[in-house]
Structures are given as C-alpha cells and as structure tokens.
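Read the numbers this way: they start at 1 and go in the same order the structure lists the ligands and their atoms. Predicted model only: the values in this text are computed from it and were never measured.
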Amino acid sequence: MMKITLCALAAFALVCALPQDPSQAQAQPPVQIVKQDSEVDVNGYNFEFETSDGTSRQEQGEYKNDTDQQGLSVKGSYKYVAPDGQQISVTFVADKNGYQPSESTGDNQPAAPAQA
Ligand SMILES: *[C@@H]1O[C@H](CO)[C@@H](O)[C@H](O)[C@H]1NC(C)=O
C-alpha cells in the first residue's frame with residue numbers, strides 16, 4: 001500500500017513538474033506563409049493561404065443575383081493543428097441559408113450551437 005502511495009505521489013510530482021506553458025516547452029521556428037493567393041472581381045472572389053505550422057484556409061465567394069438568391073454564396077474550408085496535436089479540418093458553405101459547416105475531422109470539435 002505504501003509503495004502504491006509513493007508511486008502515485010511520484011507520478012503526481014512528475015506531472016506537476018512538466019512545463020505548463022507550451023511556448024516554454026521548446027522554441028518553435030517562426031510560422032511562415034508558404035502559399036498565398038487571391039482574386040477579386042465584380043462576380044465574386046477567392047483566396048487561399050497556407051502556413052508552415054499546418055494551418056490552411058481557402059474560400060470562394062460568388063455574387064448571386066437570381067430568383068433563388070441575391071447576395072454572396074460562399075464555400076470554404078480551414079485546417080489547423082490544435083495545441084494537443086490533433087489536425088482539425090472544417091469545410092463550410094455560407095449562403096442564403098447561413099453558415100453551414102459540412103465536414104469536420106478531429107475528436108475535439110467545438111460543439112455546434114444548439115438550433116433555436
Ligand atoms: C439584380 O437583378 C435585377 C433583375 O435583373 C436587376 O434589376 C438588378 O440591378 C441586379 N442587381 C445588381 C446589384 O446587379
């Protein structure tokens with residue numbers, strides 16, 4: 001029993017001794033932009049960028065003016081590596097029906113807001 005208690009205390013002390021702030025754990029190289037592109041015209045826009053830390057973002061917006069929709073119809077996606085190392089990836093549509101995330105990976109997704 002004493003051994004188990006000592007082992008538990010030692011494990012607890014080890015966890016407490018680990019650096020709490022990830023930025024102190026190791027010096028990271030500065031994040032760099034590895035890809036960047038954008039176009040804008042009267043019919044819409046698109047842009048994309050990617051950074052060296054595994055973050056990327058892309059989006060296309062099309063101006064619609066028909067019986068179905070008047071305004072922007074947007075499609076896009078973003079990816080990033082969460083602080084716990086997990087790759088998060090989301091694709092979405094944003095149009096007359098609002099923002100609609102359509103695909104997600106990673107177990108640590110923020111919960112979707114409750115529907116009214
Ligand atoms: C949208 O379409 C209507 C009908 O064709 C037109 O009158 C209007 O000027 C258009 N609006 C824009 C901002 O292009």
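- At a distance under 4.0 Å, a protein heavy atom can be found next to atom 14 (O) of ligand 1.
- When only modelled atom types and interatomic distance are considered, Q87 and Y80 share no side-chain donor-acceptor pair under 3.5 Å.
- Distance check: E50 CD to K79 NZ gives 8.0 Å after rounding to the nearest 0.5 Å.
- At under 3.5 Å, not a single nitrogen or oxygen of Y63, backbone or side chain, sits near a nitrogen or oxygen of ligand 1.
- There is no protein heavy atom closer than 4.0 angstrom to atom 7 (O) of ligand 1.
- Listed for the S38 side chain is no donor-acceptor partner under 3.5 Å among the backbone atoms of F47.
- Legend: residues meeting side-chain hydrogen bond (donor to acceptor under 3.5 Å, both in side chains) with Q70, ordered by chain and number and at least two apart, are N65.
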* **Steps toward side chain to side chain donor-acceptor pair (under 3.5 Å) verdict (Q32, D53)** => CA-CA 8 Å; Q32 294 183 323; D53 63 353; over 6 Å; no
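- Shown in contact with N65 at under 4.0 Å from a heavy atom are these atoms of ligand 1, numbered in order with element: 1 (C), 2 (O), 3 (C), 8 (C), 10 (C), 11 (N), 12 (C), 14 (O).
- Within 4.0 Å of atom 10 (C) of ligand 1, at least one protein heavy atom is present.
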